[in-house]
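Working notes, structure below.
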Amino acid sequence: MASGGESTGAKSRKYFDDRQVSEEQGKEYGPSEFGNFQQYYRNKKIKLQNHDEILKNSGPSDESQKDHPQIFKGCCIYVNGYTNPSITELHRIIVLHGGKFSQYLDSKTEVTHIIASSLTPKKLVELRTSRVVSPAWIVDSVNQGRLLPWHDFRIGIPRTSQKFLETRKCDSATTVPPSERAPLVTDSRQSAKTAADPGFLENYYSRSRLHHLSSWKAELRSKYQTLILNHEQQESRTDSKSSISPSERDEPTQRVIFHVDFDCFFASVALRSNPELQGMPVCVGNGGSQNAEIASCNYIARKQGVKNGMWMQQAKRLCPDIVCMPYQFEEYEVASNHLYSVLLESGADKIEAVSIDEALLDMTTACTSEGATDIADRALLLSQGIRNRVYELSKCTVSIGVGTNILQAKIATKLAKPNGQYFINETEALEVISKLRISELPGLGPSMESAIQRKSPSIRTVSDARSLGKARLQQLLGEKNGEKLLNYSRGIDDRVVGSISERKSVSVEVNWGVRFSSIKQVEEFIKSLSQELYRRLVKLGSRGEALTLKIQVRAPNAPVDPPKFLGCGECISISRSTSLSGASIDIDKIVHAALPLLRKMTMVVSDIRGMGLQITKLAPFNDDRKSTPKEQMSLDIFAGQEDSSKRNSLVSRDMKFENGFDLEYEDIDNDELLSRPDAANESDTDAPDPDIVVATDSNDDTVYLKMLLEAWLNDTAGYQYGPHDDDVKVFQDYLSYLVLQKKNVCKAHDLIDWLRFCLGSRMQNDEMMDKAYYVEESLYRWLDVVCSYEKDIFAMTGFR
DNA sequence: ATCCTCCCCTAC
DNA sequence: TAAGGTAGGGGAGGAT
Ligand SMILES: Nc1ccn([C@H]2C[C@H](O)[C@@H](COP(=O)(O)OP(=O)(O)OP(=O)(O)O)O2)c(=O)n1
Ligand SMILES: [Mg+2]
């Protein structure tokens, strides 16, 4: 711990009025108690047995044997795809117990619950706001004679904390309140208002434009990073000379940089979908909310002073006629794909994705090669072509600025907009730049401007700043920033297009809707964040060596309720970091590292307004740790893989995945944090919904794998502690390999169900029982994580 | 000097 | 009501 001071909030950039309200709640740090897991497992066991009972006895004959509690009264249930019990059986049970059975899913308003064993990614997206539950919900509810909370049986979407609490809550007598039987339109996702509510994170992210912006950017970066590399390789190969890029080949060749950017992107998409709004001031945001932010507004609105990022309230004041349209996140992706597909064909030497609607091109070669024509003419011709093609495809206008470096290209774009193009020469660029306010330079903002003005109040423009000289600027802004400003003020910018380096960090952060009333809720939310962080790490094939927890805490004089509903208001930020040991990472490791960090912070729980977790010092998942040899049989599942290309590298614990990451695990602490119950599907061991298979293994070794699993369980059941955690991990890794590499979700489900079946029949004592269920839960949780990639994968592979 | 931790700032 | 995320550059000041 070096300088451990918290920020004072005095410097905070957020600007809200003061009101002094003091609130209760000190800190009450106790051991994080997540309760009695033994108890949970025992319940689960009973549940399973009862499940079997029900299945056995649910023949048509027992219909009259007793009266049936009308537990499904008010529920309208639709059954999707293959299920166990079968659809007819479910139909019978539902009707028998007072429920309504729906043959169609036409009107979601009538159907209250959807039963499915598994969902195709498409359906998953389609039904993401619906109550989709496993058949076990029906079976278990009937079995217990009361309607169980449906979210304990959700499928498709990885649930985290909430299940945990609710499972325990419903242990005894909780039945579902009438509101739970409300039609699907009022789904629980809508009540996930604050971070203390279950399902908050997913719900929140699905609506956050900034989250979308960030993930799109990351995606584009990783996509075009490699593409650029390939492109460059081709270039230098045809050059048959060296690896010098074309733009650096001739001595001081002036670069030609294009900055391509959709005009008021979100607003343009909104106008495209609603042509009747042409000519009106339009913006995109959560309309009808006075403190909602405007993501984008069209140029008509801008004329009246409206700006991106402004709150609705203020925009309405400036422009009372402004029309607010909702977000259309999928449409933005489509339009962006159009843009990038054109850019890839543009003949650029290099491409750098700046954002979903914006990119930089190094067009030096294309503009200078057959040096005949004027560079400006050539550039404008090329940019006109790009703009035409993008418009043809997307029906949205783009503007292009052309300059000799990134800075100048961006300046040119400002002059080009809207729906235009501009070639700026050095002299003009210098003129324009000189007149800009300091904060208008890209990369400098209001803070730097005021940092200068604090000492030298007369300095406003870039040319003013230039007159201060390098030393003075560095004194005011720091070494690098001072130099940057001076260079920019002279029109100089050395940044190279496409020189984005490897990712250095992965983080997950929420600063809206964060309101806690107990430390337990805080810890629970940290778990949700950890799971999300882990999900992203797995997807990237990365692990990290350092973890940082950051929280936002209400500033001392900030009102308890900031102007923005559930916003963070003015905050101070506190962060603490720690190192993560080992070559592997998993959720529990993250949680175990994060909770002590939380404990190092001092704050009033109810004043927490934001939380984030960041992983730094990224490294590939790798195998720099030898596995501890064990006596008992280990699960050599990869060795049995009938895939010759991977056979050699994917062996046992030293598995190397195609995409360059290894999976390796430390031993797990099987304690309270590990064993978060999931809504495991209490159903089908048979063939799952065939829809879910994307690519089938040509030589199906499922039978062999099942034998292997069974043998492994047979052997390890004899040991006191049952299957070794490492082997469980191996199985998890294999599942992840199946889903991510082989795109065979079906097989993963199949194997996991088989394992469940084997486990169920093999447990002799309580300890083994606990172990078995730990294994089961652990695998299901993993599959949840893995399956949440399905739609990404399908998007990537172009699967319809 | 250089590294590390805990910030702040900027962009979309 | 409202969905204020996230990666990277960078600075201050202490530890090495
Ligand atoms: N504070 C902001 C700024 C931008 N965006 C989103 C909406 C924008 O449409 C998109 C692109 O940002 P731009 O800065 O390119 O702004 P626009 O495309 O809206 O306008 P223009 O590029 O014409 O200036 O990012 C956002 O949600 N919130
Ligand atoms: Mg734009």
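Every chain is numbered from 1 and lettered A, B, ... according to where its sequence line falls, protein lines coming before strand lines.
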Distance in Å, A/H211 NE2 paired with A/L201 CG, rounded so as to fall on 0.5 Å steps: 8.5 Å
What's the [atom1]-[atom2] distance between [X] and [N], to the nearest Å?
| X | N | atom1 | atom2 | answer |
| --- | --- | --- | --- | --- |
| A/D197 | C/dA3 | CG | P | 17 Å |
| A/L566 | C/dG5 | CG | P | 13 Å |
| A/Y488 | B/dT10 | OH | C1' | 11 Å |
| A/D561 | C/dA2 | CG | C1' | 13 Å |
| A/I551 | B/dC8 | CD1 | P | 13 Å |
| A/W311 | C/dG4 | CH2 | P | 12 Å |
| A/Q552 | B/dC9 | CD | P | 12 Å |
| A/F266 | B/dA11 | CZ | C1' | 14 Å |

Between A/S208 and A/N481, which residue's closest nucleotide on DNA chain C lies nearer the 5′ terminus? A/S208
Check whether any side-chain nitrogen or oxygen of [X] sits under 4.0 Å from OP1 or OP2 of [N], and answer yes or no.
| X | N | answer |
| --- | --- | --- |
| A/K564 | C/dA3 | yes |
| A/R209 | C/dG4 | yes |
| A/N286 | C/dA3 | yes |
| A/S447 | B/dC9 | yes |
| A/Y204 | C/dG5 | yes |

Shortest side-chain distance from [X], nucleotide among [options]:
| X | options | value |
| --- | --- | --- |
| A/K480 | B/dC12, B/dC4, C/dG11 | C/dG11 |
| A/R576 | C/dA2, C/dG11, B/dC6 | B/dC6 |
| A/S573 | C/dA3, B/dC7, B/dT5 | B/dC7 |
| A/S577 | B/dC6, B/dC12, C/dA2 | B/dC6 |

Residues passing the side chain to side chain donor-acceptor pair (under 3.5 Å) test with A/K550, sequence neighbours excluded, are A/E509
A/N286-A/R207 side chain donor-acceptor pair, cut-off 3.5 Å: no
Pairs involving residues 478-513 of chain A, ordered by first then second residue, that meet ring pair (Phe, Tyr, Trp, His ring centres under 6.0 Å) (sequence neighbours left out): A/Y204-A/W512
Classify [X] by what it touches in the nucleic acid, base, sugar-phosphate, or nothing, heavy-atom distance under 4.0 Å.
| X | value |
| --- | --- |
| A/G513 | nothing |
| A/D357 | sugar-phosphate |
| A/L613 | nothing |
| A/L444 | sugar-phosphate |
| A/G288 | sugar-phosphate |

Applying ring-ring contact (aromatic ring centres under 6.0 Å, His included) to A/Y340 and not counting sequence neighbours gives A/Y224
All N/O contacts under 3.5 Å from nucleotides 6-8 of chain C to the protein, with atom names and distances to one decimal?
from: C/dT6; atom 1: OP1; to: A/H211; atom 2: ND1; distance (Å): 2.7
from: C/dT6; atom 1: OP1; to: A/R536; atom 2: NH1; distance (Å): 3.0
from: C/dT6; atom 1: OP1; to: A/R536; atom 2: NH2; distance (Å): 2.9
from: C/dT6; atom 1: OP2; to: A/Y205; atom 2: OH; distance (Å): 2.8
from: C/dT6; atom 1: OP2; to: A/E509; atom 2: N; distance (Å): 2.7
from: C/dT6; atom 1: OP2; to: A/E509; atom 2: O; distance (Å): 3.2
from: C/dT6; atom 1: O4'; to: A/S214; atom 2: OG; distance (Å): 3.1
from: C/dA7; atom 1: OP1; to: A/R503; atom 2: NH1; distance (Å): 3.1
from: C/dA7; atom 1: OP1; to: A/S507; atom 2: N; distance (Å): 3.4
from: C/dA7; atom 1: OP2; to: A/S507; atom 2: N; distance (Å): 3.0
from: C/dA7; atom 1: OP2; to: A/S507; atom 2: OG; distance (Å): 2.5
from: C/dG8; atom 1: OP2; to: A/K504; atom 2: N; distance (Å): 2.9
from: C/dG8; atom 1: OP2; to: A/S505; atom 2: N; distance (Å): 3.4

Show me the donor-acceptor pairs within less than 3.5 Å that the side chains of residues 609-616 of chain A make with the rest of the protein, sequence neighbours left out.
from: A/R609; atom 1: NH1; to: A/S606; atom 2: O; distance (Å): 2.8
from: A/R609; atom 1: NH2; to: A/V560; atom 2: O; distance (Å): 3.0

Counting only N and O atoms by type, is there a donor-acceptor contact under 3.5 Å from the side chain of A/N298 to the main-chain atoms of A/V282? yes
Those residues at least two apart in sequence (or on a different chain) that pass side-chain contact (heavy atoms from CB on, under 4.5 Å) with A/K414 are A/E440
